Protein chains: 2
Amino acid sequence: MLFREGEPVNGIYFVNAGKVKVHKHWGEEKELIVRFAKEGDIVGHRGVGSEMVYPVSATALETVDLCFIDLAFFQATLKVNHELLHALMMFYASELQESEKNMRNLVHMPVKGRIAHALLALLKKFGTNEEGYINMTLSRQDLASYTGTTYETAFRIMSELIQEDIIAISGKYIAVKDPARLEILEAEAG
Amino acid sequence: MLFREGEPVNGIYFVNAGKVKVHKHWGEEKELIVRFAKEGDIVGHRGVGSEMVYPVSATALETVDLCFIDLAFFQATLKVNHELLHALMMFYASELQESEKNMRNLVHMPVKGRIAHALLALLKKFGTNEEGYINMTLSRQDLASYTGTTYETAFRIMSELIQEDIIAISGKYIAVKDPARLEILEAEAG
DNA sequence: CGCGCAGTTGATCTTCGTCAAAATGTGTGG
DNA sequence: CCACACATTTTGACGAAGATCAACTGCGCG
């Protein structure tokens with residue numbers, strides 16, 4: 001765990017290698033995964049703001065190689081490097097768009113559509129290995145948290161998708177066999 | 001309507017007076033209100049990004065007085081005025097935090113809690129007039145869209161809250177009589 | 001007086017979350 | 001190699017929250 005929701009912010013992280021999940025908690029048990037980060041991504045920038053407290057937690061999903069940047073240094077850099085400042089602003093803007101799209105989906109889409117959307121997003125973000133499996137291992141628990149459902153429901157939907165021959169599973173890896181059908185599920189009633 | 005989701009971005013708006021809702025659509029009928037803007041707020045900044053297309057719509061809730069800034073000019077200004085760039089970045093950061101908090105609430109909170117949260121947010125944002133009513137008229141339809149529910153459900157919950165003497169309604173205005181009880185509803189199971 | 005429309009309420013229906021049991025897997029020590 | 005404890009996955013049954021549909025109210029207006 002890189003940092004925990006509620007802790008004071010003292011810097012940001014660059015991910016050199018490995019995968020990280022960024023999540024928000026509700027009560028003891030429940031969580032919502034807000035984003036995944038892979039090599040090249042920033043983590044902890046959500047702490048920047050008036051409240052110097054992390055609004056989310058970040059935990060490594062595998063062994064990661066991180067670069068920690070002290071907050072004071074980072075902010076000083078921003079003051080000087082306007083390219084970076086601009087890039088960071090654009091990054092926030094796109095994350096905001098993404099977040100609000102997910103929000104709408106959460107409200108109006110049935111679980112199956114959300115899972116479809118999530119799988120496509122993961123496929124796009126992490127790509128596939130030679131055999132066509134998504135380059136990431138995701139426990140069903142995490143998939144559930146990412147789509148805002150429970151473990152059992154996520155499980156059932158995945159079973160359905162396998163029955164329908166839209167996806168396939170091998171060990172901890174998932175393959176999307178029929179992206180088009182997922183897109184249909186995603187778009188349904190939209 | 002200031003602009004519509006999907007249209008190309010050609011500038012941003014400053015609100016001098018009046019209230020605006022920013023919303024995202026799903027299908028023909030359904031929408032989700034993402035944010036309200038009042039005098040002093042920016043609208044249309046969500047269009048900034050790689051895709052030069054508005055990800056949301058904005059419509060005036062009453063007569064508004066706007067200041068339109070051409071996109072090219074705005075971006076040129078950002079290049080020069082680093083204070084502004086920095087402020088805008090911070091603004092995005094806080095909107096992102098807000099958005100993700102709402103996202104979690106949408107998933108884990110029951111409707112009643114979400115309405116409580118929404119009322120408190122509106123109270124905080126718009127304040128009250130002399131008689132204690134929130135300085136904003138909100139149709140139940142909009143309240144429903146804002147909390148991610150249907151008209152009927154929003155209506156029922158409001159009735160409950162009135163029964164419980166937590167809020168009061170006069171014409172189109174809403175008064176929060178017992179903020180503490182709303183906070184309890186908001187925090188429940190969190 | 002009748003029509004239309006927003007506000008209101010009631011009745012049902014679906015989806016999904018919850019709980020619990022069954023099946024299956026995994027490790028450990030004898 | 002087996003027996004046992006324990007964890008994880010899978011399936012089933014049930015219930016609750018809320019969406020949907022439809023009817024009813026009051027009210028303005030032609």
Side-chain angles (χ1 to χ4, degrees), chain A residues 25-33 61 102-119 137-164 167-174 185-186 188-190, chain B residues 25-33 61-62 102-119 137-164 167-175 185-186 188-190:
Chain A
H25 294 277
W26 184 252
E28 275 308 305
E29 294 298 309
K30 296 175 181 175
E31 66 169 8
L32 176 70
I33 294 180
L61 293 174
N102 286 335
M103 214 168 133
R104 184 203 52 190
N105 292 349
L106 238 23
V107 174
H108 293 306
M109 279 209 305
V111 174
K112 198 163 180 180
R114 299 209 300 266
I115 300 231
H117 179 77
L119 290 174
T137 55
L138 189 62
S139 76
R140 275 125 207 270
Q141 183 53 258
D142 280 343
L143 182 63
S145 298
Y146 188 48
T147 51
T149 334
T150 55
Y151 181 87
E152 293 93 324
T153 301
F155 184 87
R156 282 178 236 263
I157 304 286
M158 292 300 275
S159 304
E160 276 185 45
L161 291 176
I162 294 170
Q163 292 302 321
E164 294 166 18
I167 63 171
I169 291 197
S170 161
K172 290 210 153 296
Y173 287 90
I174 305 171
L185 285 175
E186 193 189 356
E188 231 155 56
Chain B
H25 293 277
W26 184 252
E28 275 308 305
E29 294 297 308
K30 296 175 181 177
E31 66 168 8
L32 176 69
I33 294 181
L61 294 174
E62 44 190 84
N102 286 336
M103 215 168 133
R104 183 203 51 190
N105 292 349
L106 237 23
V107 174
H108 293 306
M109 278 211 306
V111 174
K112 198 163 180 180
R114 300 208 301 263
I115 299 232
H117 180 76
L119 289 175
T137 55
L138 189 63
S139 76
R140 273 124 207 268
Q141 181 54 259
D142 280 343
L143 182 63
S145 298
Y146 188 48
T147 50
T149 336
T150 55
Y151 182 87
E152 292 94 322
T153 301
F155 185 88
R156 282 178 237 264
I157 303 286
M158 292 299 276
S159 304
E160 277 185 45
L161 292 176
I162 294 171
Q163 291 303 321
E164 294 167 17
I167 63 171
I169 291 197
S170 162
K172 289 208 153 298
Y173 287 90
I174 304 171
L185 285 175
E186 193 189 356
E188 230 156 56

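So you know, we letter chains A, B, ... as the sequences are listed, proteins then strands, and number each from 1. These figures come from a predicted structure and were not determined experimentally.
The separation between A/Glu152 atom CD and C/dC19 atom P is 10 Å, rounded to whole Å. Note: CZ (A/Phe155) to P (D/dT8) measures 15 Å, nearest angstrom. Following rounding to the nearest Å, B/Met158 (CE) and C/dG7 (C1') show an atom-to-atom distance of 14 Å. The nearest whole Å value for the distance from the CD1 atom in B/Ile162 to the C1' atom in C/dT9 is 14 Å. If you take CD of A/Gln163 and C1' of D/dT11, they are 13 Å apart, rounded to a whole angstrom. Rounded to a whole Å, the CG atom of A/Asp142 is 11 Å from the P atom of D/dT9. Rounding to whole angstrom units, CG of residue B/Leu106 and P of D/dA17 are separated by 18 Å. We find that CD1 of A/Ile157 is positioned 7 Å from P of C/dC16, with the value rounded to whole Å.
Taking every heavy atom of both residues into account, A/Tyr151 and A/Ala144 meet most closely at N-CB, 3.7 Å. In terms of heavy-atom proximity, B/Leu161 sits nearest to B/Lys112 at CD2-CE, 3.9 Å. Residue B/Thr147 comes nearest to B/Leu106 through the heavy atom pair O-CD1, 3.7 Å, listed as atom of the first residue, atom of the second, then distance. When all heavy atoms are compared, the tightest approach of B/Trp26 to A/Glu186 is CH2-O, 3.6 Å.
Checking the phosphate oxygens (OP1, OP2) of D/dT20, no side-chain nitrogen or oxygen of B/Tyr151 falls inside 4.0 Å. Contact between the side-chain N/O atoms of A/Thr153 and the OP1/OP2 oxygens of C/dC16 is not found at any separation under 4.0 Å.
Using a 4.0 Å heavy-atom distance criterion, B/Lys30 is classed as a sugar-phosphate-only contact. Residue-level contact check: A/Arg156 touches the bases, meaning some heavy atom is under 4.0 Å from a base atom.
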